[in-house]
Every structure is written in structure tokens, then in C-alpha cells.
A.B. asks: 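My questions will all concern the structure given below.
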Amino acid sequence: MKRPTTMASTPSTPPSPQSLPSKTTSLRTLSSKKPRNILTNPIPEEDPKWVPLNLSRSELYLPLTFPTGQTFRWKQTGPIQYTGVVGRSHLVSLKQLDNGDVGYYFHYTTSDSESSAAKVALLDFLNVGISLTEVWESFKASDKRFAELAIHLGGARVLRQDPIECLIQFICSSNNNIKRITMMVDFISSLGNYLGAVGGFKFYEFPSLERLAMVSEQELRAAGFGYRAKYIVGTVEELKSKPGGGMEWLAALRKVDLPEAIVSLCSLPGVGPKVAACIALFSLDQHHAIPVDTHVWKIATRYLLPELAGTSLTPKLCNRVADAFVRTYGKYAGWAQTLLFIAELPSQKALLNSTEEKSPNSKERKLGGITKVPKE
């Protein structure tokens, strides 16, 4: 999965964030008297009591958010249902409800006091402080093609992941395929504390840096990591040596300019500009980071930089692509790029083509003239 990137200057003020779901929204406690630990007292999965997040489908549509290359830790555990870990230790499922809302269900948390912390961690992970509706309105005003795609691909939200989890996942993703990336991420995850099983999948806390430091390059190579093994070991060593610890160092990159964040990330073994952009966009609040792969390059040369059509992608041209996205979409250009990237995925391309064929104006409206499915 090649997602090179570049750095662009921060544009104008972003749209105002949406209001968070009401703090009075009830969080389902795992037991009326004490928290339920699925390791010793499992909760039946047949009929979970879904608690609504009060997020419309236009704000969050799970199939366009989770299986799209942002994270490899979440699993589909039912029809329009995805399960993963937030806040490092809260095991939760999300389901798109019949009314379009998203419901959540905590399978595991450790105490009543942490139940509220689990809800806060979930909302933070879902980036609900940003109104997708407002952001997309500005995109649609800037780009007719985005407006056409948005009709069919609403709710494609960018997540706000734990920086260490995101970093390790995207080191695994470099020049790799989805199946193998998932295998590697599952192996790394299994080094953490076991939280339980949902839908046939086992879930774990993401291992701490201290636990990761106990894994040797040889062990990772034996598990199929190849040359990436030395990068993970080297990155963990670098993070542990940072003043205040690696977690604090990474979190601080949320408060610096994008170029500084990219340079800092690229100081870690195995992290180049293309990996750094994904980490910056998906975990460090760098909303205008633009991961540029061959698909995004084709999008850019087709719609934003037609004068570059037929040329080969180079690091210098990656900078031009990033600048073009930011000029067109502004502060949240990375969110726009994410939707345009999703639209090029084979699964979504098939859906879009099917939808357009049924449209009475399908001959006039071809969603910007896309006809080819990108090869993975």
C-alpha cells in the first residue's frame, strides 16, 4: 500500500466543529452493580443493547470508515458492525442502526469509573469534534466532482487513532498488501493484554513500548515481517529514548506544524514521507496531510493538475499534488483526499458504477468520468 506524501502550508480557519453528543447520553454500564469482565463473565453477543451515539449516517458510515486502510486493528464482527479497542483497554462494537444512527456496545471495561472514560475515548477516536457535514459543504462548494461523489459516499470519516498504534501499523503497511499488513498487525496486537473475543476474533490491548521492546528482530522475522522487523525494533528503541517517553513525544506532534511533524516522524527507522503522512493524518490532527499514492496521483492529474498527465510521480511532484489539494479543499484537505481515495477502491467503484447505471442521467453524469478500477 503505497501512500507517499508531502507537506503543505496550513490554510485558512477551518469550519466550526459540531457539538459533541450530549454528555447526558447514557453509557451502558456493563453491570448494574459492578463492571463486567468478559474474561470471566462473558456478555452474550446475540442481542446486545446498542446505545445510540446520535451521529447520523452523513456524519459516520461505518463501511466507508473502517475497512478503507485507516486502521488494521478493527474487525467486521457482524452486518454493518465493527469491533475494536479504544483508549487502549476498552473493547467496543459499533453498529449502523436501521435509522442511520450508530450504536455502541462496550464488551469490556474494567470499572464503573472507567465507563465514562471509555465513552470519552470512543468519541475522541471517532473525531466527533469535527462536523463532517460542515467540512463537506465547503468541499462541495469548491469541487463539483466531490459534490457528486458525496451523494453516494457520505459518512467517510477520518479517525483519530492512538499515535503509537498508528505508527506501528503504517510501518507494517509500507510496500505491503492488506492481507499481510493485517497479519502483522494482529501479531503485534497479540503481544498486549487479552481483552476477549467477539465474532470469532480475539482482541488485545495494544502492547506498551516496554512490551514491544522485549520482542527481538529475529522473532518478528520468524513471524513474517521481513525487513520491516528491524524498523519496528529500531523505532521502539528510538521512542523509548525520547525525553519524557515516546508516547509524550508523539503526542506533542499534534501541536506542531505539518512540516515539522513530517520531519520528526521521518527521523524514526522505517518511516519515510509516505508513511509519515498517513500517521500525521490519521493520528496527529494534521488534517491537511496528503498521502499520495499512484491512485491519488491519477486523481490529481485527472482533475487538479491535468498539465501533469502522462508524467511520472516524483517526490517533487508529490509536493505539487499536496499543494493542489490544499488550494482546492483547504484546512481539511486530507479528509477530502480520503474520500477521493475511497472512491477509487474496487469495492466502491463497483457500487458507484452500479448506482450511475440506474440513474436516468447516467450518460451525462459519470462522476467525473472515472471508468477504470485501480489495481491493488
A.B. asks: Are the side chain of Thr65 and the backbone N or O of Arg157 linked by a donor-acceptor pair below 3.5 Å?
C.D. replies: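 Confirmed, Thr65 side chain pairs with Arg157 backbone.
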A.B. asks: Compute the centroid of each ring, for Tyr329 and then for Trp335, and state whether the two points are separated by less than 6.0 Å.
C.D. replies: no
A.B. asks: Are Thr182 and Lys75 close enough, and set up right, to give a side chain to side chain contact (heavy atoms under 4.5 Å, CB included), and what steps lead you there?
C.D. replies: CA-CA 10 Å; Thr182 302; Lys75 310 294 184 184; 3.4 Å; yes
A.B. asks: Look only at the side chain of Asn176 and the backbone of Cys172, and say whether a donor-acceptor pair between them is shorter than 3.5 Å.
C.D. replies: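 Side chain of Asn176 to backbone of Cys172: a pair is present.
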A.B. asks: For residues Ala213 and Lys240, report the shortest heavy-atom separation together with the two atoms involved.
C.D. replies: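 Heavy-atom minimum between the residues: CB-CD, 3.6 Å.
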A.B. asks: Between Met214 and Phe206, is there a shared hydrophobic cluster once you connect ILVMFWY residues whose side-chain heavy atoms come closer than 4.5 Å?
C.D. replies: no
A.B. asks: With a sphere of 6.0 Å drawn around CG of Asp98, does it hold more than 12 non-hydrogen atoms of other residues, nucleotides or ligands?
C.D. replies: no
A.B. asks: Is Arg221 close enough and on-axis enough to Phe225, meaning under 6.0 Å and within 45°, for cation-pi?
C.D. replies: no
A.B. asks: Treating Thr235 as the side-chain partner and Pro269 as the backbone partner, does any N or O pair qualify as donor plus acceptor under 3.5 Å?
C.D. replies: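 Checking the backbone N and O of Pro269 against the side chain of Thr235, a donor-acceptor pair under 3.5 Å is found.
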A.B. asks: Any side-chain heavy atom of Phe139 within less than 4.5 Å of one from Tyr332?
C.D. replies: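 Yes, their side chains come closer than 4.5 Å.
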A.B. asks: So, does Gln337 use its side chain to make a donor-acceptor pair with the main chain of Pro291 at under 3.5 Å?
C.D. replies: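 Side chain of Gln337 to backbone of Pro291: a pair is present.
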A.B. asks: Closest approach of Val85 and Ser89, non-hydrogen atoms and distance?
C.D. replies: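 Taking Val85 first and Ser89 second, the nearest heavy atoms are CG1-N, 3.7 Å.
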A.B. asks: Flag the pair Leu308 / Arg320 as yes when at least one side-chain heavy-atom distance between them is below 4.5 Å, and no otherwise.
C.D. replies: yes
A.B. asks: Do the side chains of Lys95 and Asp101 get close enough for a salt bridge, i.e. N-O under 4.0 angstrom?
C.D. replies: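 Answer for the salt bridge query: no.
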A.B. asks: Rounded to the nearest 0.5 Å, what separates atom CG in Leu94 from atom OH in Tyr82?
C.D. replies: 10.5 Å
A.B. asks: Given salt bridge (charged side-chain N to carboxylate O under 4.0 Å, His left out), test Lys140 with Glu137 step by step and report yes or no.
C.D. replies: CA-CA 5 Å; Lys140 289 188 287 186; Glu137 283 302 316; 2.9 Å; yes
A.B. asks: How long is the span from the CD1 atom in Ile279 to the CG atom in Leu253, to the nearest 0.5 Å?
C.D. replies: 10.0 Å
A.B. asks: Determine whether Phe146 and Trp136 make a side-chain contact, defined as any pair of heavy atoms from C-beta on separated by less than 4.5 Å.
C.D. replies: yes
A.B. asks: For a 4.5 angstrom cut-off between non-hydrogen side-chain atoms, does Leu123 reach Leu53?
C.D. replies: yes
A.B. asks: Of the non-hydrogen atoms in Leu265 and Ala276, which two are nearest, and what is the gap between them?
C.D. replies: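 Smallest interatomic distance, heavy atoms only, reads CD1-O, 3.6 Å.
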A.B. asks: Treating Gln96 as the side-chain partner and Gln81 as the backbone partner, does any N or O pair qualify as donor plus acceptor under 3.5 Å?
C.D. replies: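 Checking the backbone N and O of Gln81 against the side chain of Gln96, no donor-acceptor pair under 3.5 Å is found.
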A.B. asks: Check the pair Leu340 / Glu344 against side chain to side chain contact (heavy atoms under 4.5 Å, CB included), numbers first and verdict last.
C.D. replies: CA-CA 7 Å; Leu340 298 175; Glu344 293 292 293; over 6 Å; no
A.B. asks: Please report whether the ring centroid of Phe106 lies less than 6.0 Å from that of Tyr104.
C.D. replies: yes
A.B. asks: Measure the spacing between CE of Met184 and CD1 of Ile171 and express it to the nearest 0.5 Å.
C.D. replies: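 The CE atom of Met184 sits 11.5 Å away from the CD1 atom of Ile171.
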A.B. asks: Looking only at heavy atoms, what is the nearest atom pair of Cys166 and Phe282, with distance?
C.D. replies: SG-CB, 3.9 Å
A.B. asks: How about Trp74 and Phe66: are their ring centroids closer than 6.0 Å?
C.D. replies: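 Yes, ring centres under 6.0 Å apart.
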A.B. asks: If we only count heavy atoms from C-beta on, is the Ser131 to Glu59 side-chain gap below 4.5 Å?
C.D. replies: yes
A.B. asks: To the nearest 0.5 Å, tell me how far Leu281 CG sits from Thr338 OG1.
C.D. replies: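 Atom-to-atom, Leu281:CG and Thr338:OG1 are 5.0 Å apart.
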A.B. asks: Shortest non-hydrogen contact from Val215 to Val233?
C.D. replies: O-CG2, 3.9 Å
A.B. asks: Tyr303 ring centre to Arg145 NZ or CZ under 6.0 Å, with the angle to the axis within 45°?
C.D. replies: yes
A.B. asks: Under a 3.5 Å distance rule, please check whether Asp257 uses its side chain to pair with a backbone N or O of Glu260 as donor and acceptor.
C.D. replies: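 Side chain of Asp257 to backbone of Glu260, a donor-acceptor pair under 3.5 Å: no, none is there.
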A.B. asks: For the pair Ser142 (side chain) and Ser138 (backbone), establish whether a donor and an acceptor sit closer than 3.5 Å, ignoring hydrogens and angles.
C.D. replies: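 Here the side-chain-to-backbone pair exists.
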A.B. asks: Would you say Phe187 ends up clustered with Ile178 if hydrophobic residues are merged whenever their side chains have heavy atoms under 4.5 Å apart, either directly or through other cluster members?
C.D. replies: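 Ile178 and Phe187: one cluster.
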A.B. asks: Can you tell if the side chain of Ser264 reaches within under 4.5 Å of the side chain of Trp249, non-hydrogen atoms only?
C.D. replies: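 Answer yes - side chains close enough.
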A.B. asks: Report the distance from atom CD1 of Ile188 to atom CG of Asp186, rounding to the nearest 0.5 Å.
C.D. replies: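 Reported to 0.5 Å precision, the distance equals 10.5 Å.
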A.B. asks: Distance from Leu212 atom CG to Leu239 atom CG, nearest 0.5 Å?
C.D. replies: 9.5 Å
A.B. asks: Taking the side chain from Glu165 and the backbone from Asp162, do they hold a donor-acceptor pair closer than 3.5 Å?
C.D. replies: no
A.B. asks: Considering non-hydrogen atoms only, spot the tightest contact between Arg180 and Gly224 and give its length.
C.D. replies: NH2-O, 2.7 Å
A.B. asks: Could you point out which residue of Val135, Val158, Leu258, Ile130 forms a side chain to side chain contact (heavy atoms under 4.5 Å, CB included) with His287?
C.D. replies: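 Result for side chain to side chain contact (heavy atoms under 4.5 Å, CB included) with His287: Ile130.
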A.B. asks: Going by the side-chain hydrogen bond (donor to acceptor under 3.5 Å, both in side chains) test, name the single residue among Arg73, Glu205, Lys202, Gln169 that passes it with Ser189.
C.D. replies: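 Single pass found, and it is Arg73.
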A.B. asks: For the hydrophobic clusters of this structure (ILVMFWY residues joined by side-chain heavy atoms under 4.5 Å, transitively), does one cluster hold both Leu64 and Ile80?
C.D. replies: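 No; tracing contacts between hydrophobic side chains, which count when under 4.5 Å, never links both residues.
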A.B. asks: Taking the side chain as everything from C-beta on, heavy atoms only, tell me whether Ser93 gets closer than 4.5 Å to Thr77.
C.D. replies: yes
A.B. asks: Check the pair Trp297, Leu317 against side chain to side chain contact (heavy atoms under 4.5 Å, CB included), reporting the backbone distance first and the verdict last.
C.D. replies: CA-CA 9 Å; Trp297 168 245; Leu317 289 180; 3.7 Å; yes
A.B. asks: Got a donor-acceptor contact below 3.5 angstrom from the Gln161 side chain to the Gln70 backbone?
C.D. replies: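 The answer is yes, because a donor-acceptor pair under 3.5 Å joins these two groups.
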A.B. asks: Do the side chain of Gln286 and the main chain of Val256 share a donor and acceptor less than 3.5 angstrom apart?
C.D. replies: yes
A.B. asks: Is there a side-chain contact between Phe125 and Leu159 in this structure, where contact means two heavy atoms from C-beta onward sitting under 4.5 Å apart?
C.D. replies: yes
A.B. asks: Run the numbers on Ile262 and Cys266 for side chain to side chain contact (heavy atoms under 4.5 Å, CB included), then give the verdict.
C.D. replies: CA-CA 6 Å; Ile262 295 294; Cys266 287; 4.1 Å; yes
